[in-house]
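Beneath this line is the structure, given in structure tokens, with notes to follow.
Values in this document were obtained by computation on a predicted structure and should not be read as measured data. Residue numbering restarts at 1 for every chain, and letters A, B, ... go by the order of the sequence lines.
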Protein chains: 2
Amino acid sequence: MAVVEKSPMQTEHGRDRILRVAANLFLTKGYAETSLRTIADAAEMRPASIYHHFDSKDALLSEILDIGMHAVTTAFTAAREELGSEATGRQQLQAHVAGHLRALFANQAFTAAHVTVFPFAPADVRAASVPQRDEYEALWTDMLSHIAPGLGSDALRLTRLALFGAMNSAVQWFDHTEGSVDDLAATIVDTLWHGLAPRTGGTS
Amino acid sequence: MAVVEKSPMQTEHGRDRILRVAANLFLTKGYAETSLRTIADAAEMRPASIYHHFDSKDALLSEILDIGMHAVTTAFTAAREELGSEATGRQQLQAHVAGHLRALFANQAFTAAHVTVFPFAPADVRAASVPQRDEYEALWTDMLSHIAPGLGSDALRLTRLALFGAMNSAVQWFDHTEGSVDDLAATIVDTLWHGLAPRTGGTS
DNA sequence: TTGCCAACCTAACGATCGTTCGGTAGTCTG
DNA sequence: CAGACTACCGAACGATCGTTAGGTTGGCAA
């Protein structure tokens, strides 16, 4: 599996280590703001050594974005296949939100980098990632249009963007070692499903 | 009567022009990715001239962020004062969403820069903007907690983040010269207010 | 043992960065 | 007219950037 599931042990070597520390630095400091010398320091190497594993700084970022988008796409299709055909719309939504969140927390820097780093990535790198991003976006749009068929195209887009805004920001404040990711998913879905309108006769 | 429009005409000079072109460049290309030479080119100046108006590149960014946050904060309080005390929760929400959106489209680069540029701004600049950001965030949290008193603190935060995600992303796809900003606000509020659940039979 | 190759190193390259210094026009004041 | 001030400019500074050239090392294969 390309998905990084190793714990960040000191035993990690070479290529994988570069990828992990670079992803974290790109996420927290930004792409242009992170120099190869900083990456090399964090990976306990010299800058030149990075070029033994990657063609360029751009290629390194490109691979990081690939890993991240692959992780969430895999999570999405896995959630879909685990759902029975009799699942309600809300159950489908919750399964996919939980899948996205789990992928987000399991591969933090790789997936989260898409939110913050992508917009400012060099044009070449950005262009290479666009098809994967569009594909993932389409998966969500498709699912949402099925479970909420009454929504217009603007409302559909806004719902997706609002949902992504809530999910992706969670990585910045939610402590997944304390709280349950499934509970978080339930809260997100619950809020989005019922809306803000005063509940007339809700249970619990 | 003299025309007092301050549209971004070619007649714009010096300081204001630097601010506007820099804000647009920071928004589209990123802070570190935009050099002072690029800004100077866009403002039809030489790089050294910028230092006649601003102490440093950081100071320039700091002022841009200030302008943007001031615009949305002003829009928020203006919307609140225009509301009568008998306004429903939904009317309050809609007025503030419309205010935020109008401020966003009127000062595009300045306000939008907060979304994309702020996270990677130099630590000093970021620290200087944090209080204003927190203040604006608190305005929304406070309002949301009043119009949806049933929400827990996590749900409240998620609602705010989802709302911001929807509103702030609009700047990237909504054409405010064609569609009405008020209609957009209505769509956002409608979606968030009623939720995704199949509507039972309520009137508009 | 010899040869090879992946992994890493030191040292330096040219380019670009933010910034500074010392000017020069134009305009307003007295 | 002299002086001051605003707005801008040309040219350069040191620092840092991504990148490359040319080693050195250790382990495995034959």
Side-chain angles (χ1 to χ4, degrees), chain A residues 6 9-65 113 117 120-128, chain B residues 6 8-65 113 117-118 120-128:
Chain A
K6 296 179 186 177
M9 304 290 287
Q10 297 249 355
T11 61
E12 197 181 22
H13 285 98
R15 198 169 199 282
D16 290 343
R17 176 152 199 195
I18 296 171
L19 279 170
R20 187 176 53 83
V21 302
N24 277 285
L25 287 167
F26 290 164
L27 176 65
T28 54
K29 298 185 48 180
Y31 180 65
E33 292 86 348
T34 303
S35 73
L36 279 175
R37 286 164 178 85
T38 306
I39 298 172
D41 276 354
E44 290 174 311
M45 284 183 181
R46 303 305 139 204
S49 306
I50 294 177
Y51 285 82
H52 179 69
H53 299 285
F54 301 94
D55 286 343
S56 66
K57 192 189 177 189
D58 283 9
L60 175 56
L61 172 60
S62 203
E63 183 154 340
I64 286 170
L65 293 178
V117 173
F120 303 140
D124 294 347
V125 178
R126 222 171 37 234
Chain B
K6 45 178 179 176
M9 303 290 288
Q10 296 248 353
T11 62
E12 196 181 25
H13 286 0
R15 198 168 198 282
D16 290 342
R17 176 150 198 196
I18 296 171
L19 278 171
R20 188 176 52 82
V21 303
N24 277 285
L25 286 167
F26 290 164
L27 177 64
T28 54
K29 299 184 49 181
Y31 180 65
E33 292 85 349
T34 303
S35 72
L36 278 176
R37 285 163 178 85
T38 305
I39 298 171
D41 276 354
E44 291 175 308
M45 283 184 183
R46 302 307 137 200
S49 306
I50 294 177
Y51 284 83
H52 179 69
H53 299 284
F54 301 94
D55 286 343
S56 66
K57 192 189 178 190
D58 284 7
L60 175 56
L61 172 60
S62 203
E63 183 154 340
I64 287 170
L65 293 177
V117 173
F118 176 85
F120 302 141
D124 295 348
V125 178
R126 221 171 38 233

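Among all heavy-atom pairs drawn from B:P122 and B:L61, the shortest one is CD-CD2, 4.1 Å. When all heavy atoms of A:A23 and A:I64 are compared, the closest pair comes out as N-CD1, 3.6 Å.
Of the residues in residues 48-59 of chain A, those lying under 4.0 Å from DNA chain C by heavy-atom distance are A:A48, A:S49, A:H52, A:H53.
Side chains of A:L36 and A:Y51 form a contact here, defined as non-hydrogen atoms less than 4.5 Å apart. Contact check for A:L65 versus A:S62: no side-chain heavy atoms found under the 4.5 Å cut-off. The shortest distance between side-chain heavy atoms of A:E63 and A:R15 falls below 4.5 Å. Contact of the A:L60 side chain with the A:I39 side chain is registered, since non-hydrogen atoms from C-beta on lie closer than 4.5 Å. Residues B:F120 and A:T28 are not in side-chain contact: their nearest non-hydrogen atoms beyond the backbone lie 4.5 Å or more apart.
Using a 4.0 Å heavy-atom distance criterion, B:T34 is classed as a sugar-phosphate-only contact. Contacts of A:R46 with the nucleic acid, taken as non-hydrogen atoms under 4.0 Å apart, include base atoms.
For the pair A:K57 and A:Y31, the cation sits on the ring face: its NZ or CZ lies under 6.0 Å from the ring centre, inside 45° of the axis.
Interface limits on DNA chain D: the 5'-most and 3'-most nucleotides within less than 4.0 Å of chain A heavy atoms are D:dC17 to D:dA21.
Rounding to whole angstrom units, CE of residue A:M45 and P of C:dA7 are separated by 9 Å.
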